Amino acid sequence: MSIQLYNTLTRKKERFVPIEEGKVKMYVCGPTVYNYIHIGNARPVIAFDTIRRYLEYRGYEVNYVSNFTDVDDKIIKAANELNEEVGELTERFIAAYHEDVSALGCEVATAHPRVTEHIDDIVDFIQVLIDKGFAYESQGDVYFRTRQFEGYGKLSHQSIDELKVGARVEENSIKTDPLDFALWKSAKEGEISWDSPWGKGRPGWHIECSVMAKQLLGDTIDIHAGGQDLTFPHHENEIAQSEAATGKTFANYWMHNGYINIDNEKMSKSLGNFILVHDIRKQIDPKVLRFFMLSVHYRHPVNFAQELVESAANGLERIQTAYSNLQHRLTISADLAENSESWLNKIKEQINAFEKSMDDDFNTANAIAAIFELSKQANVYLLEKNTDRHVLQQFIDALDQLMGVLGVPFDSADELVDNEIDALIQERLDARKNRDFARSDEIRDELKARGIILEDTAQGTRWKRG
RNA sequence: GGCGGCAUAGCCAAGCGGUAAGGCACGGGUCUGCAACACCCUUACCACCGGUUCGAUUCCGGUUGCCGCCUCCA
């Protein structure tokens, strides 16, 4: 079996073949750190973290790089408004990013390079482009000569002449062609800046990714990913810069995730419907958020609405319950050989279904269906009078592993039961034995008020936090 | 104007040539002292019109309706 993934460059699903066997070099465009990230920013982080996890599950060693854009116009503006140093502001939001994203179950990247740590590399890279005739200096700025790069438009599938029609025409432009884009921007008075052969200034937006990807991963990488909107111009420009400089293919596979809408509307500042992860994760379990986002294929839009998130939460709860119930039964089961084989086969079947779905362009929606099916089988198995420890353990391991790939781990069973709660459960059992249901219900209600939900089974009473 | 995406049950969402996965919600059962959890059952003329095919939700053409990029943007 091989992994197929949709490549924006060819507009086709292709078989994934890494440059180096067993290893994946992956670069995901990261955030501009001038504010907390919103749920739209969170989507690519979650989607590509999941893809990374699956590649690792498949045995690949993934070198995963995701940058921080820590200097640009928006940052400078925000720092001015808050009367804060650029460095302080970005440091704050980088820390906030890590908190948000970690709450969402995303692993830390192999490297999180920052633009400001690579200024020298960027300057060198720009110089190469100038030397090769792909860039020119103009009044302290440096621009990329777009028409000079033959393949321009190959990612977004636009011809350069059509792009020109749509390009914004700037008054008194210091660019020789409207399609040219900035590699280096000269500093205005008082702005944060670095010395360069072209005077004080700072890098343009696109150049950073080209440079950092090259520095950390090499001239050619396997997968370059980001939001759909980055296809043009950002990724198109990255290709132009990198391939012009190295003469080699920049990235073999380009992956782009779809947008998130809020109640069927685009998230935008004018509509005032931005949802920050920082805020929403106080209201909605971040695990639910992640599970919800993964319930839709990464290339399709996700509509973020309260009731849809709730319905995802109910679904997740069902999987969690199956898992907890397996754990509960494990404590009271012995080794049996009966029917084990057929149940183990059912588990294997769902693991296969999960892998098949993920192999097909990381179809998490389908993969989740396999997990639901696995939970269902587990519940059916739990209906049996006698259960086998090994089978239960296999169910548990499979669920752990598959949910682990999705980055949605199970709540660990809370072993610390208050002695008092234990005593109450025992008292209730006795009451039930004596058919004293008034007392029995009283205890159940009391515990419920304290967040403990009791469930009676043929194998005794189990409880969970509700 | 250029490039592209989407339209599947009450809702969400897979499938993409052989008469429709999964989840949520609803209804009916079973289990239970009553519950809860769970299980079983029930629910789709795949936007419309043509074409290709033995056969299309799935391919091709067209229509309608949403949406994205082309300008900072995940």
Side-chain angles (χ1 to χ4, degrees), chain A residues 8 11 28-32 34 37-48 72-74 77 153 155-159 161-170 178-179 205 225-234 236 256-261 264-269 291-292 295-297 299-303 305 307-319 321-322 324-325 328 353 357 360 363-373 375-376 378-383 431-433 435-438 440-441 444-445 448 453-458 461-464 466:
Chain A
T8 307
R11 286 184 181 164
V28 180
C29 286
T32 300
Y34 66 107
I37 59 166
H38 57 251
I39 57 173
N41 296 307
R43 167 108 108 142
V45 184
I46 290 171
F48 298 115
D72 98 317
D73 293 342
K74 292 191 294 280
K77 187 163 171 261
L155 182 68
S156 51
H157 302 270
Q158 297 267 0
S159 84
D161 294 315
E162 275 151 3
L163 282 169
K164 187 170 182 178
V165 174
R168 181 183 3 197
V169 180
E170 291 155 53
L179 286 178
W205 174 38
Q228 221 155 51
D229 53 326
L230 294 182
T231 309
F232 188 89
H234 189 235
E236 195 73 70
H256 297 278
N257 63 276
Y259 263 66
I260 285 187
N261 295 320
N264 281 319
E265 280 183 312
K266 184 182 172 173
M267 195 161 44
S268 74
K269 278 181 181 153
F291 184 75
F292 169 68
S295 69
V296 180
H297 185 94
R299 281 191 284 123
H300 293 174
V302 167
N303 184 34
E307 58 176 85
L308 298 180
V309 175
E310 274 166 21
S311 108
N314 289 340
L316 216 207
E317 180 66 30
R318 190 177 149 74
I319 297 170
T321 299
S324 306
N325 292 351
H328 170 259
S357 300
D360 183 14
N363 192 331
T364 52
N366 249 160
I368 286 172
I371 293 174
F372 273 115
E373 196 52 45
S375 305
K376 164 78 154 289
N379 286 331
V380 171
Y381 184 59
L382 289 171
L383 250 28
R432 291 181 72 214
K433 214 172 271 173
R435 305 191 67 79
D436 178 1
F437 299 123
S440 162
D441 289 350
R444 186 168 62 193
D445 290 346
K448 188 177 181 188
I453 293 170
L454 301 185
E455 293 171 355
D456 297 323
T457 75
T461 300
R462 68 184 176 224
W463 65 274
K464 65 180 180 185

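So you know, we letter chains A, B, ... as the sequences are listed, proteins then strands, and number each from 1. Note: hydrogens, waters and symmetry copies are ignored here, and every other heavy atom, side chains too, is used. Here the structure is a predicted model, which means the values were calculated and not measured.
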For atom [atom1] of [X] and atom [atom2] of [N], their distance in whole Å:
{"X": "A/Phe292", "N": "B/G23", "atom1": "CZ", "atom2": "P", "value": "18 Å"}
{"X": "A/Arg11", "N": "B/C3", "atom1": "CZ", "atom2": "C1'", "value": "6 Å"}
{"X": "A/Phe372", "N": "B/A38", "atom1": "CZ", "atom2": "P", "value": "11 Å"}
{"X": "A/Phe232", "N": "B/A74", "atom1": "CZ", "atom2": "P", "value": "16 Å"}
{"X": "A/Leu382", "N": "B/A38", "atom1": "CG", "atom2": "P", "value": "11 Å"}
{"X": "A/His300", "N": "B/C12", "atom1": "NE2", "atom2": "P", "value": "15 Å"}
{"X": "A/Lys433", "N": "B/C34", "atom1": "NZ", "atom2": "P", "value": "19 Å"}
{"X": "A/Trp205", "N": "B/A74", "atom1": "CH2", "atom2": "P", "value": "7 Å"}

May I ask you to verify if any side-chain N or O of [X] is less than 4.0 angstrom from the OP1 or OP2 atom of [N]?
{"X": "A/Lys376", "N": "B/C40", "answer": "yes"}
{"X": "A/Asn314", "N": "B/A25", "answer": "yes"}
{"X": "A/Arg318", "N": "B/G23", "answer": "yes"}

Original post:
With the threshold set at 4.0 Å, does a side-chain nitrogen-carboxylate oxygen contact exist between A/Arg462 and A/Asp456?
Top reply: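 No, A/Arg462 and A/Asp456 are not salt-bridged.
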**OP:** Check whether any side-chain N or O of A/Asp360 sits under 3.5 Å from a backbone N or O of A/Asn363 as a donor-acceptor pair, and report yes or no.
**Re:**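 The answer is no, because no donor-acceptor pair under 3.5 Å joins these two groups.
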Original post:
Does a side chain donor of either A/Tyr259 or A/Asp229 reach within less than 3.5 Å of an acceptor in the other side chain?
Top reply: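 Yes, side-chain donor-acceptor contact under 3.5 Å.
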Original post:
Using a distance-only test with no angle check, is there a side-chain donor-acceptor pair under 3.5 angstrom linking A/Thr32 and A/Asp72?
Top reply: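 No pair is found: no donor N or O on one side chain lies under 3.5 Å from an acceptor on the other.
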Subject >> A/Ser311, nearest nucleotide to its side chain (from B/G23, B/A74, B/A14) >> reply: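 Selected nucleotide (nearest to the side chain): B/G23.
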**OP:** Could you check whether A/Asp441 gets within reach of a base, just the sugar-phosphate, or nothing at all, counting any heavy atom under 4.0 Å?
**Re:**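 The residue A/Asp441 makes base contact.
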**OP:** Indicate, with a heavy-atom threshold strictly under 4.0 Å, whether A/Gly258 touches base, sugar-phosphate, or nothing.
**Re:**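 The residue A/Gly258 makes base contact.
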Subject >> Which residue lies more 5' along RNA chain B, comparing A/Pro31 with A/Lys464 via nearest heavy atoms >> reply: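 Nearest nucleotide further toward 5': that of A/Lys464.
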